[in-house]
Amino acid sequence: MDHLDALHLFTRIVEQRSFGRAADQLDVPRATATHAIKQLEARLGTRLLERSTRHVRPTPDGEAFYERCVHVLSELDDAEASLRHAASNPRGVLRVDMHGTHATGIVLPRIREFRERYPNIDIVISSEDRLVDLVREGIDCAIRGGAVRDSSLVARRLAVIPEVTCASPDYLARFGTPQHPSELAAHQAVQFFNSSGGRAYPFEFTIDGKIREVELTGWLTVNYAESYVVAARNGCGLIQLPRYHVEDDLRSGHLIEVLADFSGPGFPITALYPHRRQLSPRVRIFLDWVGQLYEEAFGPTQAPT
């Protein structure tokens, strides 16, 4: 393993806190990774990593060296990305995590166009309900809906999707159709929460030019988007979600929109990637491409958040 590859390996081990995971992500044998780090430590004349049976962590010297390595490798990636052939003919494996609805409804129907344009990029798409750790799990970027809460990641706004508040005809026949958000105290909602924890999401409405949160009660709580819609179809309560999730239900009459005059600010969709690594050409061109898909579907938005 050459010196540059050893630096890449070292930074990945620090980020993963594991020789095995780092070796797997870089596709090198575990024994090769161990030998390369021993050679690097011998060359530098200092111990970079503390090893135990369960954990790997950098020494103080290792932490300082890691920070310098990240800077040097980022500068090198930036220099390579600036070359015309690297930008026009990127290659390698691109790992993306996104919600299943975005994968099946927006990205995958057009993914062959991306492959035809960039035939040297192989794509791995995962769809997790949980909040993945991009660095630890070796994911290049993620597409997420809602507010961005992780300040350690770079965020790029892709779209703001119009939302709708709706319920089934059966529910509205039993509870009535609200004409103003102030009437919602007499209604029930299907509660939706993120699997990473925290309270159920409130509904949002524009009232007198300001965004207001409204807490609704309900007897059913879910954390999966399809369950949320199915529950509403079956009369379990009001729901509020991106309109494109329920366009077919609204057209067919299985769900009825309410409070259209008080629509909220919309549902933001954001691409996230680790800030400590230079954005590689394959990630950059994928984000440019997927950004166009969202713009075609939902209109233009500001690129950064």
Side-chain angles (χ1 to χ4, degrees), residues 1-81 91-98 121-144 148-155 194-197 271-284 286:
M1 181 176 290
D2 65 24
H3 187 50
L4 184 59
D5 287 338
L7 297 183
H8 277 289
L9 173 64
F10 169 70
T11 59
R12 192 60 61 89
I13 290 170
V14 171
E15 293 166 352
Q16 298 297 313
R17 295 295 196 266
S18 168
F19 273 82
R21 286 195 294 269
D24 289 343
Q25 290 181 11
L26 295 176
D27 197 23
V28 299
R30 170 75 179 268
T32 300
T34 301
H35 180 67
I37 294 302
K38 287 181 178 179
Q39 283 189 318
L40 181 60
E41 289 177 327
R43 183 184 301 114
L44 297 173
T46 187
R47 193 171 183 82
L48 298 174
L49 299 169
E50 294 287 354
R51 307 159 176 85
S52 69
T53 56
R54 293 186 178 182
H55 302 288
V56 177
R57 62 182 182 182
T59 64
D61 285 343
E63 186 67 41
F65 187 62
Y66 168 78
E67 297 292 340
R68 296 295 297 273
C69 285
V70 168
H71 176 73
V72 169
L73 294 174
S74 294
E75 290 294 324
L76 180 60
D77 285 345
D78 190 41
E80 291 179 349
R91 61 183 60 244
V93 177
L94 176 68
R95 292 177 172 85
V96 184
D97 187 84
M98 67 182 74
I121 297 178
D122 295 335
I123 305 170
V124 178
I125 295 178
S126 59
S127 296
E128 299 280 359
D129 287 332
R130 64 186 177 86
L131 188 63
V132 297
D133 186 325
L134 301 190
V135 173
R136 184 170 295 277
E137 299 180 42
I139 295 171
D140 294 300
C141 63
I143 296 175
R144 288 286 178 267
V148 176
R149 294 180 173 85
D150 191 342
S151 61
S152 70
L153 300 174
V154 178
N194 189 294
S195 57
S196 62
L272 304 170
Y273 56 90
H275 81 284
R276 288 185 128 175
R277 294 181 190 164
Q278 175 65 32
L279 193 61
S280 70
R282 61 181 177 273
V283 177
R284 183 181 294 109
F286 178 78

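Computed from a predicted structure; not experimentally measured. Atom set for the values below is all heavy atoms of this structure, side chains included, hydrogens, waters and symmetry mates excluded.
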What are the two closest non-hydrogen atoms of Met98 and Ile125, and how far apart are they? CG-CG2, 4.2 Å
In terms of heavy-atom contacts, Pro274 and Leu153 come closest through CA-CD2, 3.8 Å
Report the residues that fulfil side chain to side chain contact (heavy atoms under 4.5 Å, CB included) with [X], sequence neighbours left out, ordered by chain and then residue number.
X      : value
Ala142 : Asp97, Leu134, Arg144
Arg68  : none
Val72  : none

Could you tell me whether a side-chain N or O of Thr59 sits under 3.5 Å from a main-chain N or O of Arg47, the two making a donor and an acceptor? yes
Determine whether a donor-acceptor pair (N or O, by modelled atom type, separation under 3.5 Å) exists between the side chain of Asp122 and the backbone of Val93. no
For Arg12 and Leu26, run side-chain contact (heavy atoms from CB on, under 4.5 Å): C-alpha distance rounded to whole Å, both residues' side-chain angles, the deciding distance at 0.1 Å, then the answer. CA-CA 9 Å; Arg12 192 60 61 89; Leu26 295 176; 4.2 Å; yes
Name the orientation class of the two ring planes belonging to Phe65 and Phe10 (parallel below 30°, tilted from 30 to 60°, perpendicular beyond 60°). tilted
I want to check something: taking the side chain as every heavy atom from C-beta on, are [X] and [Y] in contact at a cut-off of under 4.5 Å?
X      : Y     : result
Ile37  : Leu9  : yes
Asp140 : Val96 : no
Ile121 : Arg91 : no
Leu40  : Leu48 : yes
Thr11  : Leu73 : yes

Hey, could you give me the [atom1]/[atom2] distance between [X] and [Y], rounded to the nearest 0.5 Å?
X      : Y      : atom1 : atom2 : value
Glu63  : Arg57  : CD    : CZ    : 11.5 Å
Glu15  : Gln25  : CD    : CD    : 9.0 Å
Asp5   : Thr32  : CG    : OG1   : 11.5 Å
Leu49  : Asp61  : CG    : CG    : 11.0 Å
Cys141 : Arg284 : SG    : CZ    : 12.5 Å

Let me see the working for Leu272 and Ile143 under side-chain contact (heavy atoms from CB on, under 4.5 Å), right down to the final yes or no. CA-CA 6 Å; Leu272 304 170; Ile143 296 175; over 6 Å; no
What do you reckon, is CG of Asp27 surrounded by more than 12 foreign heavy atoms closer than 6.0 Å? no
Can you list everything that forms a salt bridge (charged side-chain N to carboxylate O under 4.0 Å, His left out) with Asp24? Sequence neighbours excluded, please. none
List the residues meeting salt bridge (charged side-chain N to carboxylate O under 4.0 Å, His left out) with Arg51, not counting sequence neighbours, and say none if there are none. Glu41
Which pairs count as ring-ring contact (aromatic ring centres under 6.0 Å, His included) when at least one residue sits in residues 11-63, sequence neighbours excluded? none
